Amino acid sequence: MIQTKEGKLIRRYDKELLLIEPWGENSLRVRATQRSEFLTDGELTALLPRTQEQEEADARRVQIFGENDSTVIENGKIRCEVTPEGKLIFRRTGGEVLLEEYQRIRSHLGGSTKNFNSALEIEPRTFQPYEGMDNYKITVRFEASPDEKLFGMGQYQQPFLNLKGCILELAHRNSQASVPFVLSSRGYGLLWNSPAIGHVTYGKNHTEYVAESAKQVDYWITAEDTPAGIERAYADAVGKAPMMPEYGLGFWQCKLRYQTQEEILTVAREYKKRNIPVDVIVVDFFHWPHEGDWCFDEDYWPDPAGMVRELKEMGMHLMVSIWPTVDEESTSVRELTEMGGLIRSERGKRFGQLGNAAIIDVTNPQTRQYVWEKIRKNYYEKGIHVFWLDEAEPELTGYEFEHYRYYLGTDLEVGNIYPREYARMAYEGMTAQGQENIVNLLRCAWAGSQRYGALVWSGDIDSSFRSLGNQLRAGLGMGIAGIPWWTTDIGGFHGGNIYDPAFREVFVRWFEFGAFCPVMRLHGFREPFKEALGTTGGGKCISGAENEIWSYGEEIEEICTRYITLREKMRPYTRRLMEAAHEKGDPVMRPLFYDFPEDERAWEIDDEYMFGGDVLVAPILEAGVTQREVYLPAGEWKNLHDGTLVQGGQNVTAQAPIDVIPVFVRNGALD
C-alpha cells in the first residue's frame, strides 16, 4: 500500500515500512524499517534539522505520481521510481539512471519482469533480526555500473582515490575515519546516514552497504550537474565549517612531546630569533598529573598563563592536547562514574586504555558539560583557545566494537558518532564563551563534524614515502566526504630518525606537500627518543627527538623556511579558499575532476590535486625522484617556481630537485 502525505511517499508492504521524502533541492531522503515507526531525528543523524520554511518549500516543489506500474517521487533534478515489488530506481529527471537497487526475486505481484524469475531470492533491503530486540543487521544493495568512479567516504590508509572495487570498514580507527558520503562520476552523491559499525563493498557485481546493528535504513541522495554542485548540496544538508581563524592559515609547530614550559618557550624564542613565523605551537599529551585531570602538572608547567602571554607577544597561539581518557587515580573518576559519564563495557573491566584508564562518554550531554567545565577552568581561562582533541575515534582496546556501550546505545549501533560529539563538546563550550571562528584539531570525524570546527589530521602514520602517498589520497577522500579542514603529521608520526638521510628526504618532500594542505602542521615522534624527566605525573612520559626545522641541518632548514615563507605569501589566497569552504562547502584540497569535470583525464589522476581552483600540486611520492610527469588540464598555466608559461591539455615534464615540489598556477590567478 502506497500513501502520500505532505509531499512524502510512504509504502507499507508486509513487515517493511518505507519512506521517501524531499530533503533539499534535487535531493531525497530514504528510510526503511521493520519496526512500527521510524526513529525521531535526534543525535544519530548527520542531517541538519529541517526548518518549517524548508519543509514547505520541499512540499511545493515535489511531485508524486503514477507512471506505468510504478509510483514516482520527483524533486527537481532527481526522481525515484518505486516498482510494485518495492525496488527503488533513482534517475536524473529526464530518464538517465543514476543508481538502481539490486533485486533478484520471483515476482508475485504482476509487475515488470526485469531481474525477476530468479531463484536467488535476493531483496535490495534486508533486515536480519537480533533475537528479542528491535535492532537488525541491515543490508542495502545496489546495481554496479562497470565504468562508475566513486570518491570520498573519509580517510583510509590505502593508495586508492577511486574507491570502485574497494571494501571499506564503516568504523573508526587510529588513522582511519569513516565519513560515509560518496560522490559518483554518474552525477550523484549518497550519504549513508547511520553511525552504526559496518562496511560497504563497491564491487563489480553490486554495491552493498551493511550496518551491523541498526533500527532502520537511512540514506540521503542528491543529483547535480557537477561535482561542486553535489558537494555544495551535501554541505547544505549536513552543515559547513566555520570560517577558519587567521592563525589557521600559517605554520603550526609541534612534536611529541615538549616536556616542560621552559622547553617550549625556548623553541618559540628560537623561531622568533630566526624570524620564522609560527602561528600555533603545541603542548602535546601527558602534560597533566593524571589522565582525566585536564590541567597542567605544575611541577613542569608552573605558569601556564604567563607562558600563553609570552607566546602571544611572539605572535603564536598555544594549542593544548585534550584526551578523553580517565585514569583510576584522576581527580575526576569518581564524579564521572557516578553520573554515568564513562563508556561502559559489556563484559569485564572498562579500565584498560593506555594502562589504567577508561574513556569519557561524549554522547552523554552531562559528560560533555562536565569535561568542558574542567577545560574552561584549567585552560580556557588561562588564555588557551584552541584545543587538540586527541584519541577521537576513540582508540578502544583492540577495537572490539561489540564490547562497548554508550549513553546513546551500543558501540555497534552508534559508535561512529563519537568524534562528532567530541568536537561538539569543545565547540559548544567555546561558543558559549563568545568565541567565533573556532578550530580544534581531532584525530577522527564523522559526517557533520565540520560544523563543529573539526580540523582532522590523519593519525599515527609511519614515516615513509608509501605513507605519504596514502595521505594524499586520504586528504582528498576527506575533502570529498565534506571535511574541508584536513592536515597530516609532516614527516609522518612513527619511525623517523632525524639523523637518517633517507628519512630526511621523506621529511623534505612531506614538508613541501604540507605547505599545500589546508593546514600546514609539523608533528612526529622522532627518533632517537629522550628519557622521561621523572617517575610521577607529567614527567613520567618519554619524548621524541627534536623536531624543529633546524633539527635536520642547514640545507633542510633553508628549504623549510622557503616553504613557510611561501605559505605566508599565499595567505590571501588560502583565506579565500577557507571562505569558500565556510560559505559553500567546497573542499580546500580536491581531485582534479572537481574543477575540470568535463576532462575525462581529470577523473583518472590520483597523484595530483587542486589546492583551491587555481593551484595544481604534483607532490613527489618516491625516493630519489628529481622530475615527474604532470598532467595539466586545458588552459594556460604558470610554473610557480620559475614563472614558465605552459599550455594545458597535455602532460609536461616538471623538474623536481630536492627543494622543489611541482606546482602550477592558472595564469594570472595569484598575480
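For reference, positions follow the sequence shown, starting with 1. All heavy atoms count here, side chains included; hydrogens, waters and symmetry mates do not. Values in this document were obtained by computation on a predicted structure and should not be read as measured data.
- Between Leu39 and Gln216 the shortest heavy-atom distance is N-OE1, 3.0 Å.
- No more than 12 heavy atoms of other residues, nucleotides or ligands shown are found within 6.0 angstrom of OH on Tyr407.
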### Task
Apply salt bridge (Lys or Arg N to Asp or Glu O under 4.0 Å) to Glu100 and Arg91, showing your working.
CA-CA 8 Å; Glu100 177 180 356; Arg91 297 182 186 270; over 6 Å; no
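- Salt bridge absent: Glu231 and Lys584 never bring a charged side-chain N and a carboxylate O closer than 4.0 Å.
- Proximity of a side-chain donor or acceptor of Asp606 to a complementary backbone N or O of Asn162 within less than 3.5 Å is not detected.
- Taking the side chain as every heavy atom from C-beta outward, Val200 and Val210 never approach each other to under 4.5 Å.
- Within the 4.5 Å cutoff, the side chain of Leu18 has heavy atoms near those of the Leu88 side chain.
- Distance OG1/Thr45 to CG/Asn193: 3.5 Å, rounded to 0.5 Å.
- A salt bridge links Arg173 with Glu169: at least one charged nitrogen is closer than 4.0 Å to a carboxylate oxygen.
- Salt-bridge check for Glu395 with Arg443: passed, with a basic side-chain N closer than 4.0 Å to an acidic carboxylate O.
- Environment of CD in Glu600: sparse, with no more than 12 heavy atoms of neighbouring residues, nucleotides or ligands closer than 6.0 Å.
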### Task
Before giving the answer on side-chain hydrogen bond (donor to acceptor under 3.5 Å, both in side chains), spell out for Trp446 and Glu421 the whole-Å C-alpha distance, their side-chain angles and the decisive distance to 0.1 Å.
CA-CA 9 Å; Trp446 192 62; Glu421 299 302 281; over 6 Å; no
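- Checked by atom type and distance alone, the side chain of Asp411 never pairs as donor or acceptor with a backbone atom of Arg405 at under 3.5 Å.
- By the 6.0 Å and 45° rule, Arg232 does not stack over the aromatic ring of Tyr234.
- Across Ile322 and Tyr422, no two heavy atoms sit closer than the pair O-OH, 3.1 Å.
- A donor-acceptor contact shorter than 3.5 Å links the side chain of Thr487 to the backbone of Val519.
- Taking OG from Ser36 and CG from Asp134, the interatomic distance works out to 8.5 Å, rounded to the nearest 0.5 Å.
- Less than 6.0 angstrom separates the ring centroid of Phe151 from the ring centroid of Phe593.
- Here the shortest heavy-atom pairing between Asp390 and Pro324 reads O-CD, 3.3 Å.
- A 6.0 Å sphere centred on CD1 of Ile167 holds no more than 12 heavy atoms belonging to other residues, nucleotides or ligands.
- Here the straight-line distance linking atom OH of Tyr427 with atom OG of Ser449 works out to 12.5 Å at 0.5 Å rounding.
- Nearest heavy atom pair, residue Trp220 against residue Ser27, reads CZ2-OG, 3.3 Å.
- Side-chain contact between Asp586 and Tyr594 is present, with at least one heavy-atom pair separated by less than 4.5 Å.
- For the residue pair Ser213 / Asn135, a side-chain donor-acceptor distance below 3.5 Å is found, with atom types taken as modelled.
- Val140 is listed as a side-chain neighbour of Trp192, based on a closest heavy-atom distance under 4.5 Å.
- Using a 3.5 Å distance cut-off with no hydrogens or angles, the side chains of Asn364 and Tyr406 do not pair a donor with an acceptor.
- The shortest distance between side-chain heavy atoms of Tyr136 and Gln34 falls below 4.5 Å.
- With a 4.5 Å cut-off on side-chain heavy atoms, Phe127 and Glu16 count as touching.
- Between Asp147 and Lys164 there is no salt bridge, since no side-chain nitrogen of the basic residue lies less than 4.0 Å from a carboxylate oxygen of the acidic one.
- Between the Asn174 side chain and the Asp460 main chain, a donor and an acceptor come within less than 3.5 Å of each other.
- Here the straight-line distance linking atom OG of Ser194 with atom CG of Asp218 works out to 7.5 Å at 0.5 Å rounding.
- With respect to the salt-bridge test (charged N to carboxylate O, under 4.0 angstrom), the residues Arg186 and Glu96 do not qualify.
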#### Entry: Step-by-step side-chain hydrogen bond (donor to acceptor under 3.5 Å, both in side chains) determination, Ser184 to Glu148
CA-CA 7 Å; Ser184 167; Glu148 185 176 26; 2.5 Å; yes
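- Using a 4.0 Å cut-off between a side-chain N of Lys or Arg and a carboxylate O of Asp or Glu, Asp58 and Lys8 do not qualify as a salt bridge.
- Close placement of the Phe142 and Tyr219 rings is indicated, their centers lying within 6.0 Å of each other.
- Counting only N and O atoms by type, the side chains of Tyr404 and Tyr418 include no donor and acceptor under 3.5 Å apart.
- When all heavy atoms of Leu44 and Pro195 are compared, the pair lying nearest together is O-CD, 3.4 Å.
- Taken to the nearest 0.5 Å, the CE atom of Met153 stands 13.0 Å off from the CD1 atom of Ile480.
- Gln471 places no side-chain N or O within 3.5 Å of a backbone atom of Thr488 that could act as its donor or acceptor partner.
- Here the OG atom belonging to Ser145 is positioned 15.0 Å from the NE2 atom belonging to His206, to the nearest 0.5 angstrom.
- Using a 3.5 Å distance cut-off with no hydrogens or angles, the side chains of Gln54 and Trp23 do not pair a donor with an acceptor.
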### Message
For Thr222 and Tyr188: C-alpha separation, side-chain torsions, deciding distance, then whether side-chain contact (heavy atoms from CB on, under 4.5 Å) applies.
### Response
CA-CA 5 Å; Thr222 191; Tyr188 70 86; over 6 Å; no
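- Classification of Glu123 and Arg141 as a salt-bridged pair fails, no side-chain N sitting under 4.0 Å from a carboxylate O.
- Counting heavy atoms from C-beta on, the side chains of Leu190 and Phe181 never come closer than 4.5 Å.
- For Trp388 and Trp457, the gap between ring centers is short of 6.0 Å.
- Looking only at distances, no side-chain donor or acceptor of Glu208 sits under 3.5 Å from a matching main-chain atom of Thr201.
- A donor-acceptor pair under 3.5 Å links the side-chain atoms of Asn26 to the main chain of Lys77, judged by distance alone.
- Salt bridge absent: Glu121 and Arg104 never bring a charged side-chain N and a carboxylate O closer than 4.0 Å.
- At least one donor-acceptor pair under 3.5 Å links the side chain of Arg473 to the backbone N or O of Gly469.
- For the side-chain contact (heavy atoms from CB on, under 4.5 Å) with Leu191, the lone residue among Leu47, Ile221, Val179 that qualifies is Leu47.
- Asp361 places a side-chain N or O within donor-acceptor distance of the main-chain N or O of Thr363, the cut-off being under 3.5 Å.
- No side-chain donor-acceptor contact under 3.5 Å links Glu74 to the backbone of Ile64.
- The pair Arg424-Glu43 counts as a salt bridge, with a side-chain nitrogen and a carboxylate oxygen less than 4.0 angstrom apart.
- Between Arg35 and Glu37, no side-chain nitrogen of the basic residue sits less than 4.0 Å from a carboxylate oxygen of the acidic one, so the salt-bridge criterion is not met.
- Electrostatic pairing of Arg92 and Asp225 counts as a salt bridge here, judged by a charged N lying under 4.0 Å from a carboxylate O.
- Checked for salt-bridge contact, Arg347 and Glu400 miss the test: no charged N lies under 4.0 Å from a carboxylate O.
- Using a 4.5 Å cut-off on side-chain heavy atoms (C-beta onward), Ile73 and Arg79 make no contact.
- Considering all non-hydrogen atoms of both residues, Tyr399 and Pro394 come closest at CE2-O, 4.1 Å.
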